[in-house]
Amino acid sequence: MNILNYIDAFFSDNAHWQGYDGIPTRVAEHIGYTLMALGTAAAIGLPIGLLTGHTGRGGNTLALIATAGRALPSFGLMVLMFVLLGLGMAPVMIPLVVLAIPPILVTTYEAMRSVDPAPVDAARGMGMAETEVLFRVELPVALPLILSGLRSAAIQIVSTATIAAYVSFGGLGRYIVDGLYQRDYEKVVGGATLVAAMALATLGLFWGVGRLTVSQGVRRGSAG
């Protein structure tokens, strides 16, 4: 059988669409892991990136943190956390959050530093407080790049959250891990296809969010 035949057989099997191991259940679990990890990483990375980008301080430190975070192997970190913390959600979430923080942190910082200083200086000259300058002047202009960092982090989480299956959790990785163990390559290919489809759906989702939240003037400026 070729890959297309495996895909067709997997999605044509009614057993894969119902029960605790059905596609809707596994997709929902995978989305839950992704949202939990992305929300945690954003809660950490966005404030730090906004603050350091606004002040212009700490850029070298952020670069070092990002490099270190990207160098850590997610699977190895999960195994280490599993040994230290035991079975639970934390050993899965920690590697995913560590994976997602660097693109959010660095991109947010760079987005803030790329804002034209002329309107920022004009806002300060008008007597705006620093928080007003940050949220009313800098953030709207930096938003496209910030969203690109969140998008990159989300796609990395979607692709890597399959490791949850190695420590007895669910998600789409369950099909891949179980399929390899059972030598059921139809299940392996089906799981990989679902992960790829979710990554593409994530791209589409962030494109839609950008269209809704970024003003047309900023979009035209970014495109130019």
Between Q156 and S152, is there a side-chain donor-acceptor contact under 3.5 Å, judged purely by atom types and distance?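 Judged by distance alone, the side chains do pair up.
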Closest heavy-atom pair and its distance - [X], [Y]:
| X | Y | value |
| --- | --- | --- |
| L145 | S114 | CD1-OG, 3.8 Å |
| I163 | M78 | O-SD, 3.4 Å |
| P102 | V98 | CD-O, 3.0 Å |
| F135 | P140 | O-CD, 3.5 Å |
| V137 | A123 | CG2-CB, 3.7 Å |
| L143 | T213 | CD2-O, 3.7 Å |

At what distance, to the nearest 0.5 angstrom, does [atom1] of [X] lie from [atom2] of [Y]?
| X | Y | atom1 | atom2 | result |
| --- | --- | --- | --- | --- |
| I101 | L46 | CD1 | CG | 10.5 Å |
| I7 | I3 | CD1 | CD1 | 6.5 Å |
| R183 | D178 | CZ | CG | 14.5 Å |
| L50 | T108 | CG | OG1 | 6.0 Å |
| L139 | T131 | CG | OG1 | 12.0 Å |
| I94 | L99 | CD1 | CG | 13.5 Å |

Treating [X] as the side-chain partner and [Y] as the backbone partner, does any N or O pair qualify as donor plus acceptor under 3.5 Å?
| X | Y | value |
| --- | --- | --- |
| H30 | A161 | no |
| E110 | T107 | no |
| Y33 | G170 | yes |
| H16 | F10 | yes |
| R57 | T52 | no |
| S74 | T160 | no |

Taking side chain as C-beta onward, heavy atoms only, is [X] less than 4.5 Å from [Y]?
| X | Y | value |
| --- | --- | --- |
| V133 | H54 | yes |
| K187 | Y6 | no |
| L35 | I31 | yes |
| M93 | T40 | no |
| V167 | P91 | no |
| I48 | Y109 | no |

For the rings on F82 and Y166, is their centre-to-centre separation under 6.0 Å?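 No: the rings miss the under 6.0 Å criterion.
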Carboxylate-amine/guanidinium proximity below 4.0 Å for R26 and D21: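 Salt bridge between R26 and D21, a charged N being under 4.0 Å from a carboxylate O: yes.
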Is there a chain of hydrophobic side chains (I, L, V, M, F, W, Y, each step under 4.5 Å between heavy atoms) that links [X] to [Y]?
| X | Y | value |
| --- | --- | --- |
| L77 | L84 | yes |
| V177 | V92 | yes |
| V106 | I157 | no |

Set out, in order, the CA-CA distance, both residues' side-chain angles and the distance that settles side-chain contact (heavy atoms from CB on, under 4.5 Å) for F169 and M89, then state yes or no. CA-CA 8 Å; F169 282 93; M89 185 57 68; 3.7 Å; yes
Which side-chain N or O atoms in residues 193-210 pair as donor and acceptor under 3.5 Å with protein atoms at least two apart or in another chain?
residue, atom, partner, partner atom, Å
T193, OG1, V189, O, 2.7
T202, OG1, M198, O, 2.8

Quick one, L134 with M112, criterion side-chain contact (heavy atoms from CB on, under 4.5 Å). Give me CA distance, side-chain angles, the key distance, then yes/no. CA-CA 9 Å; L134 172 59; M112 296 296 290; 3.0 Å; yes
Any side-chain hydrogen bond (donor to acceptor under 3.5 Å, both in side chains) pairs touching residues 116-128, not counting sequence neighbours?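 Pairs touching residues 116-128 that pass the test: R124-E130.
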Parallel, tilted or perpendicular: which fits the ring planes of W17 and F11, with parallel below 30° and perpendicular above 60°?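 Geometry flag for F11 against W17: tilted rings.
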